[in-house]
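See structure below.
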2 protein chains.
Amino acid sequence: MAQAQILSRNQQIVLDIIEKAKGPLKAYSILFNVQKKGINAPQQIYRALDKLIEMGKIHKIESKNAFVACRSSDCEISKATAFSICESCEMVDEISDAKLSKYISSFNHKKGMKFKRFNLEFFGLCKKCK
Amino acid sequence: MAQAQILSRNQQIVLDIIEKAKGPLKAYSILFNVQKKGINAPQQIYRALDKLIEMGKIHKIESKNAFVACRSSDCEISKATAFSICESCEMVDEISDAKLSKYISSFNHKKGMKFKRFNLEFFGLCKKCK
DNA sequence: TAACAGAGTGTTATAATATAACATTTAATA
DNA sequence: TATTAAATGTTATATTATAACACTCTGTTA
Ligand SMILES: [Zn+2]
Ligand SMILES: [Zn+2]
Ligand SMILES: [Zn+2]
Ligand SMILES: [Zn+2]
């Protein structure tokens with residue numbers, strides 16, 4: 001059993017904010033939210049974000065340049081991520097569907113490239129917005 | 001039969017550059033390359049890029065903030081896009097695999113969201129780099 | 001203990017990516 | 001021709017992300 005990761009002060013602060021948020025957060029919005037805790041510069045945010053992504057605690061939503069907490073525990077440290085994104089209200093939901101993930105992970109590109117990781121983003125309208 | 005799209009001057013210039021490129025191009029690198037043709041400002045590039053994406057002539061590689069020409073003619077105006085991306089040399093290859101595309105397009109999220117579009121990005125090392 | 005290494009922090013500055021706003025021009029069409 | 005829609009040119013600014021450097025903190029080991 002892997003040892004639970006111990007987070008540094010800044011990493012913990014940033015993770016807390018992201019976990020409490022209802023939707024994806026942007027780096028600078030995180031920054032504004034933690035200035036009362038003594039974090040003053042973008043670097044401090046981006047460094048924490050990088051480590052949290054490495055650890056699989058959060059994911060970056062590439063199409064939005066925003067970050068969400070990992071809700072799925074089995075996304076294999078970000079090797080296979082999928083999200084549904086509402087184009088109207090910005091809601092993001094992590095999809096953890098073993099069958100989908102397995103299917104995509106086993107896809108082999110004809111041109112001889114061996115994949116290490118994928119990221120899938122679905123777009124549409126959520127229940128509320130449609 | 002849909003009428004062939006006629007491109008405006010700036011749209012054509014930007015598309016030409018992207019089509020000639022061997023890899024994905026960034027917006028500002030496009031800008032530097034077309035200044036001799038009288039395009040001087042980022043807005044002009046981004047406007048052309050937006051239209052070209054709408055038309056399905058190019059795609060944005062979200063994880064790289066870069067743009068590639070569509071090579072696949074059947075990607076249904078960007079409703080279903082997939083790319084393989086080399087983490088070492090930056091190479092990007094559009095994947096057009098009907099089976100994969102169909103499988104993903106037919107995926108239904110439990111939470112009642114109906115998808116209109118997806119984008120899938122695979123990461124690994126290409127033949128050259130591994 | 002002292003020296004060292006590794007990860008994390010704080011800080012200033014700057015690079016890279018993208019959009020707002022407004023005036024003008026061109027092309028399509030009623 | 002008058003009216004619209006699409007595209008253009010331009011200046012300014014917002015947003016996202018990284019570079020570089022000095023310092024701290026912690027645990028290891030010579
Ligand atoms: Zn996850
Ligand atoms: Zn919604
Ligand atoms: Zn395509
Ligand atoms: Zn490569």
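Hydrogens, waters and symmetry mates play no part in the numbers below; they use all other heavy atoms, side chains included.
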So which pairs with a foot in residues 28-51 of chain B pass ring-ring contact (aromatic ring centres under 6.0 Å, His included), sequence neighbours left out? none

Each nucleotide of nucleotides 25-30 of chain C classed B (base within 4.0 Å of a protein heavy atom), S (only sugar-phosphate) or -, in 5' to 3' order, makes ------

Rounded distance in Å - CG (A/L52) to P (C/dG8):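 Interatomic distance, CG of A/L52 to P of C/dG8: 10 Å.
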
With a cut-off of 3.5 Å and sequence neighbours excluded, list every side-chain donor-acceptor pair involving residues 114-129 of chain A.
residue : atom : partner : partner atom : Å
A/K116  : NZ   : B/E87   : OE1          : 3.2
A/N119  : OD1  : A/T81   : OG1          : 2.8
A/N119  : ND2  : A/E121  : OE2          : 3.1
A/E121  : OE1  : A/S63   : N            : 3.3
A/E121  : OE1  : A/S63   : OG           : 2.7
A/E121  : OE2  : A/E62   : N            : 2.9

With sequence neighbours left out, what residues match B/E19 under salt bridge (charged side-chain N to carboxylate O under 4.0 Å, His left out)? none

All salt bridge (charged side-chain N to carboxylate O under 4.0 Å, His left out) counterparts of B/K111, not counting sequence neighbours: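 So B/K111 forms a salt bridge (charged side-chain N to carboxylate O under 4.0 Å, His left out) with A/D93.
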
Please tell me whether B/D16 and B/Q12 have a donor and an acceptor in their side chains that are separated by less than 3.5 angstrom.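 Present: a donor and an acceptor within the cut-off.
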
Side chain to side chain donor-acceptor pair (under 3.5 Å) partners of [X], counting only residues at least two apart:
X     : value
B/S29 : none
A/E54 : none
A/Q43 : none

If the cut-off is 4.0 Å, is B/K60 near the phosphate of C/dA18, judged by side-chain N/O to OP1 or OP2? yes

Taking any atom under 4.0 angstrom from a heavy atom of chain A, which nucleotides of DNA chain D are the first and last to qualify, 5' to 3'?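 The contact span of chain A on DNA chain D goes from D/dT16 to D/dA20.
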
Quick check: on DNA chain D, is the nucleotide nearest A/N65 upstream (toward 5') of the one nearest B/S8, or the reverse? Name the residue that is more 5'. B/S8

Pairing residues for A/R71 by the side chain to side chain contact (heavy atoms under 4.5 Å, CB included) criterion, not counting sequence neighbours: A/A69, A/E94

Of all residues at least two apart in sequence or in a different chain, which pass the side chain to side chain contact (heavy atoms under 4.5 Å, CB included) check with A/K36? none

Sub-4.0 Å heavy-atom contacts from residues 19-50 of chain A onto DNA chain C, ordered by number: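 By residue number: A/N40, A/A41, A/Q43, A/Q44, A/R47.
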
